[in-house]
Amino acid sequence: MEDRDGGSGTDMPGLSRRAVLAGAACGLARPASAAPSAGAAPAAGFGPLGRPSWSADSLQAAAAAKGLLYGCEVPFHRFDTSPPYRQAVARECGLLVCGTEMKMEEVLPAPGRTDFARGDAILRFARANGQRMRGHTLVWHAALPPWVGPLLARANAVQAEDFMRRWIETVAGHYRGQIVAWDVVNEIFGNESDPDRGGGLRDSPWLAAIGPGYVDLAFRILRETDPAAAGTWNEDAVEQGAPWMEAKRTKVLRRLSAMRARGVPIKRFGLQSHLTSTVPIDQGQLRRFLAEIGAMGLGIEITEFDIDDRAFPSDVPTRDRMVADFARRYLDVVLAEPATLDIVSWDIYDPDTWLNDHPFRKRPDGLPQRALPLDARFQRKPVWHAMQRAFREAPDHAAARDKLRRA
Ligand code: 9MR
């Protein structure tokens, strides 16, 4: 039987049993403010929620009329240096999320050091503008600081669990009371070419160190640390009509239902929604998937919406129209589902889309992608108008959404 006291870890530089118990060598002493009792006062210092900054003709205003939130991912470098960018985000959004600033890679740069400066700045901006914030992301196989991979590889299960607990308590404790929903786990399932390590789980340093229970445990730790934040499972490649995505959806539903049955405090499922023009949208499959999640009593979030336009022609007006139509086909199904609570695009401003940097996502003609609502001059594009029309013409499920948020 495994040495539950972590005796096998004593030969580990940086993660001895004593050090783990003291929380010192992994750089994460248990925060004094962590693991509060339910109802504890929220962390101070981020300011009161200000007056809403969005305009009457914004995406947020159209979304809000149906009980939804609209928002975007905010990359710090642009946020920090571009006043027109900040104005656009303030004008259009009711919900923000950091692209990297709340990931472990940024928050724990070195053992014993935490850095919340950039995440705090974006949160302060959101609060001053009356905007809500999502948290992204607690447990992911990627964006780990270089020192954490080796640490997890050498940890036994008890040590790795302890490290995960201290990390979640550190970051979710810092932002306690300020975050509407945390992506507790991100991309835990494999895609087309990934081996399935059991029930859909992909390879991950967390799976290797802790075993499949790492997923449930992460939700329980968030629940103890910030009871007001909804725990979300955020997953990619579950939106479109490829047969392997339909197989993935089946496995997702199976796991969600098992998690509910064992009382895991999961509140929401996030569809990243990095849509690709190379795969059709099967509205029937998507509608059934969302309905089954809703029937389990879970909320649904669209967490990273954008459209990879690789398969569309170079001509900009034609391409913009095709991107808009593609988005609309997707959003019409998503917005008809009463359990859908918010739509977040992965940034709002075309020049910053991650798609231009990704080796498989680049367009064959070398042109930049036109994936997002605003163009390089911050002008509203056809996809912006398609989103606004989709919100305006969606059925009104505001009452159901309100109830789900309070559940
Ligand atoms: O857009 C993000 C990019 O700036 C980061 O370098 C990268 C690694 O942290 O993560 C990107 O965001 C990803 C998100 O966290 C999870 N889903 C896929 C996103 C695009 O790669």
Side-chain angles (χ1 to χ4, degrees), residues 71-82 85 89 93 95-109 115-116 118-119 121-122 133-149 167 171-172 179 181-194 202-206 215 218 232-240 245 248 252 268-279 301-310 342-363 368-369 371-374:
C72 77
E73 177 253 356
V74 175
F76 186 79
H77 64 92
R78 182 70 65 187
F79 167 84
D80 194 39
T81 55
S82 169
Y85 180 86
V89 168
C93 298
L95 179 64
L96 306 186
V97 63
C98 292
T100 59
E101 291 73 20
M102 293 186 188
K103 288 173 177 168
M104 193 192 287
E105 187 171 47
E106 296 235 5
V107 174
L108 303 182
D115 185 351
F116 293 108
R118 287 172 296 253
I122 294 175
M133 244 185 120
R134 305 191 74 254
H136 177 77
T137 173
L138 299 176
V139 178
W140 190 22
H141 61 270
L144 297 169
W147 59 278
V148 168
W167 153 241
V171 65
I179 300 290
W182 265 107
D183 290 330
V184 175
V185 292
N186 190 41
E187 301 173 7
I188 57 172
F189 271 19
N191 287 333
E192 196 174 14
S193 53
D194 297 317
R202 55 163 293 136
D203 278 324
S204 153
W206 300 104
V215 176
T232 299
W233 167 6
N234 194 38
E235 191 55 65
D236 70 334
V238 286
E239 299 85 8
Q240 295 185 252
M245 288 194 202
K248 186 172 174 179
V252 166
R268 301 181 180 184
F269 183 79
L271 292 84
Q272 290 189 358
S273 310
H274 293 294
L275 304 183
T276 172
S277 52
T278 56
V279 179
E301 301 188 86
I302 303 304
T303 54
E304 304 184 18
F305 184 66
D306 55 21
I307 297 102
D308 168 349
D309 67 17
R310 250 178 311 162
D342 45 62
I343 314 288
V344 175
S345 52
W346 205 241
D347 208 328
I348 194 167
Y349 175 57
D350 268 351
D352 287 343
T353 179
W354 68 288
L355 297 164
N356 292 330
D357 303 326
H358 194 283
F360 306 120
R361 305 279 189 157
K362 285 188 176 156
R363 288 182 55 83
Q369 293 259 1
L372 292 167
L374 304 181

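As a basis for the values below, the full set of heavy atoms in this structure was taken, side chains included, without hydrogen atoms, waters or symmetry mates. Just so you know, ligand 1 is whichever comes first in the structure, and atom 1 is the first atom listed for that ligand. On a predicted model such as this, the values are computed, not experimentally measured, just so you know.
Of the candidates Thr303, Asp236, Asn234, Thr232, Asn234 is the only one forming a side chain to side chain donor-acceptor pair (under 3.5 Å) with Asn186.
The protein heavy-atom contact nearest to atom 1 (O) of ligand 1 is Trp346 NE1, 2.9 Å. With hydrogens left out, the protein atom closest to atom 18 (C) of ligand 1 is Glu304 OE1, 3.3 Å, a heavy atom. Nearest to atom 5 (C) of ligand 1 among the protein's heavy atoms is Thr100 CG2, 3.6 Å. Nearest protein heavy-atom contact of atom 10 (O) of ligand 1 is Lys103 NZ, 2.8 Å. Shortest contact from atom 21 (O) of ligand 1 to any protein heavy atom: Trp354 CE3, 3.5 Å. Looking at atom 14 (C) of ligand 1, its nearest protein heavy atom turns out to be His136 NE2, 3.4 Å.
Using a 4.0 Å cut-off to heavy atoms of Ala143, the atoms of ligand 1 that qualify are 9 (O). Taking every heavy atom of Glu187 and a limit of under 4.0 angstrom, the matching atoms of ligand 1 come to 16 (C), 17 (N), 18 (C).
Side-chain atoms of Glu235 come within 3.5 Å of backbone N or O of Phe189 as a donor-acceptor pair. Side-chain N or O atoms of Glu187 include none that pairs as donor or acceptor with a backbone N or O of His141 at under 3.5 Å.
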Next on the checklist: Under the criterion side chain to side chain contact (heavy atoms under 4.5 Å, CB included), I'd like the reasoning laid out for Tyr85 against Ile348: C-alpha separation, chi angles, the key distance, then a yes or no.
Outcome noted: CA-CA 9 Å; Tyr85 180 86; Ile348 194 167; 4.2 Å; yes
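With a heavy-atom cut-off of 4.0 Å, Asn186 touches ligand 1 through its side chain alone. Contact annotation: for Gln272 versus ligand 1, heavy atoms closer than 4.0 Å belong to the side chain alone.
Salt-bridge annotation for Asp342 and Arg268: present, with a side-chain N of the basic residue lying under 4.0 Å from a carboxylate O of the acidic one.
Taking the six-membered ring where tryptophan is involved, the planes of Phe79 and Phe76 are tilted, since the angle between them lies from 30° to 60°.
Between His136 and Met102 there is no side-chain heavy-atom pair separated by less than 4.5 Å.
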